[in-house]
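Quick notes on the structure that follows.
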Amino acid sequence: MINQIKWILFATGWHSIRAVGSSIMLILSYLGSTRGAPDEWIVTLLGDFAIGIGAIILTYKIYKSPSNIIWGILLAWNVLGLFDLIGAYVLTFIVPYEPFPEIGLNTLGFRLVFSINSLIQVSSIYLLFTHKLFEYFDIK
């Protein structure tokens, strides 16, 4: 398996952590915890949850049954995920959220995580348009 495909598998699977993190924040909000997210963050957290669940399914499909349809879904998923991350990054300026400053999940921690995840998604979008991935997904 070539490195570009390994990276796409890793990068897609990596975003499954968004489902875990957003679940924790949403549950804390639902329970009324002081560490729960402000109301303005709920849509972004739901987006993260959907992107994270999609990551699990897509990683499996990329590995087991690559096709041009999976390529298209993967492209749309990456663009949607990037859009969600940009929105969340902007939201850190409008409504700062610091659920766990003890472990670095403060405003700066969120911005760092959003930036890294954005770079991973941008690199995936770029790689999807390379010749080797066109071959892997059987795009003619």
Side-chain angles (χ1 to χ4, degrees):
M1 186 174 293
I2 61 171
N3 287 335
Q4 289 93 334
I5 296 165
K6 288 179 184 177
W7 176 256
I8 290 291
L9 286 167
F10 165 77
T12 305
W14 170 261
H15 289 284
S16 63
I17 64 170
R18 289 168 73 173
V20 175
S22 63
S23 295
I24 293 168
M25 308 302 175
L26 288 167
I27 289 168
L28 289 173
S29 296
Y30 178 75
L31 295 174
S33 170
T34 57
R35 293 183 185 234
D39 291 342
E40 295 86 355
W41 279 81
I42 299 300
V43 171
T44 297
L45 291 170
L46 289 172
D48 279 339
F49 183 77
I51 293 297
I53 296 299
I56 296 166
I57 297 164
L58 275 171
T59 302
Y60 176 78
K61 292 301 253 175
I62 293 166
Y63 185 72
K64 286 294 187 181
S65 54
S67 68
N68 54 4
I69 292 173
I70 296 299
W71 180 91
I73 293 169
L74 183 59
L75 177 61
W77 175 85
N78 271 295
V79 170
L80 181 64
L82 184 58
F83 180 76
D84 180 68
L85 286 166
I86 292 168
Y89 189 83
V90 170
L91 196 56
T92 65
F93 290 98
I94 299 169
V95 183
Y97 175 40
E98 300 189 358
F100 301 105
E102 306 87 1
I103 61 169
L105 270 180
N106 54 19
T107 303
L108 291 176
F110 273 129
R111 288 180 189 154
L112 177 65
V113 169
F114 296 155
S115 298
I116 291 169
N117 284 344
S118 295
L119 288 173
I120 291 171
Q121 288 207 276
V122 167
S123 70
S124 295
I125 292 168
Y126 170 77
L127 284 176
L128 284 173
F129 290 97
T130 61
H131 179 69
K132 294 190 183 213
L133 264 79
F134 279 179
E135 286 178 1
Y136 183 75
F137 287 102
D138 197 27
I139 297 174
K140 298 182 174 143

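The structure presented is a predicted model; accordingly, all values stated were derived computationally and were not measured.
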Between [X] and [Y], what is the shortest heavy-atom contact and its length?
X    : Y   : answer
A19  : F49 : O-CD1, 3.7 Å
A37  : Y97 : N-OH, 3.2 Å
L105 : P99 : O-CD, 3.3 Å
I70  : I62 : CG2-CG1, 4.1 Å
W77  : I51 : NE1-O, 3.2 Å
T44  : A88 : CG2-CB, 3.4 Å

Output yes when a side-chain donor or acceptor of [X] lies under 3.5 Å from a complementary backbone atom of [Y], and no otherwise.
X   : Y   : result
S16 : A55 : no
S33 : S29 : no
E40 : V95 : no

Transitive ILVMFWY side-chain link V90 to L85, under 4.5 Å: yes
Hphob cluster co-occupancy, L58 + F134, side-chain heavy atoms under 4.5 angstrom: yes
Inset, instruction - Scan side-chain atoms only and decide if W14 and N117 contain a donor-acceptor pair under the 3.5 Å cut-off. - result: yes
Distance alone, cut at 3.5 Å: any donor-acceptor contact between the side chains of T130 and Q4? no
Please report the C-alpha distance between L74 and I8 in whole Å, then the side-chain angles of each, then the deciding distance to 0.1 Å, and finally whether the side-chain contact (heavy atoms from CB on, under 4.5 Å) criterion is met.
CA-CA 10 Å; L74 183 59; I8 290 291; 3.7 Å; yes
Quick note, salt bridge (charged side-chain N to carboxylate O under 4.0 Å, His left out) partners involving residues 21-38, not counting sequence neighbours, are R35-E102
Do the non-hydrogen side-chain atoms of N3 and K132 ever get within less than 4.5 Å of each other?
no
Would one find more than 12 heavy atoms of other residues, nucleotides or ligands at under 6.0 Å from atom CZ of F10? yes
*asked:* If you count heavy atoms of other groups shown closer than 6.0 angstrom to OH of Y30, is the number above 12?
replied: no
If I take atom [atom1] from residue [X] and atom [atom2] from residue [Y], how far apart are they, to the nearest 0.5 angstrom?
X    : Y   : atom1 : atom2 : answer
L46  : M25 : CG    : CE    : 13.5 Å
L133 : L75 : CG    : CG    : 11.5 Å
N78  : I73 : CG    : CD1   : 12.5 Å

Between Y126 and W7, is the ring pair (Phe, Tyr, Trp, His ring centres under 6.0 Å) condition met? List the steps. CA-CA 12 Å; Y126 170 77; W7 176 256; over 10 Å; no
Practice problem: Answer with yes or no after comparing the ring centroid distance for F129 and W71 against a 6.0 Å cut-off, counting only values under it. | Solution: yes
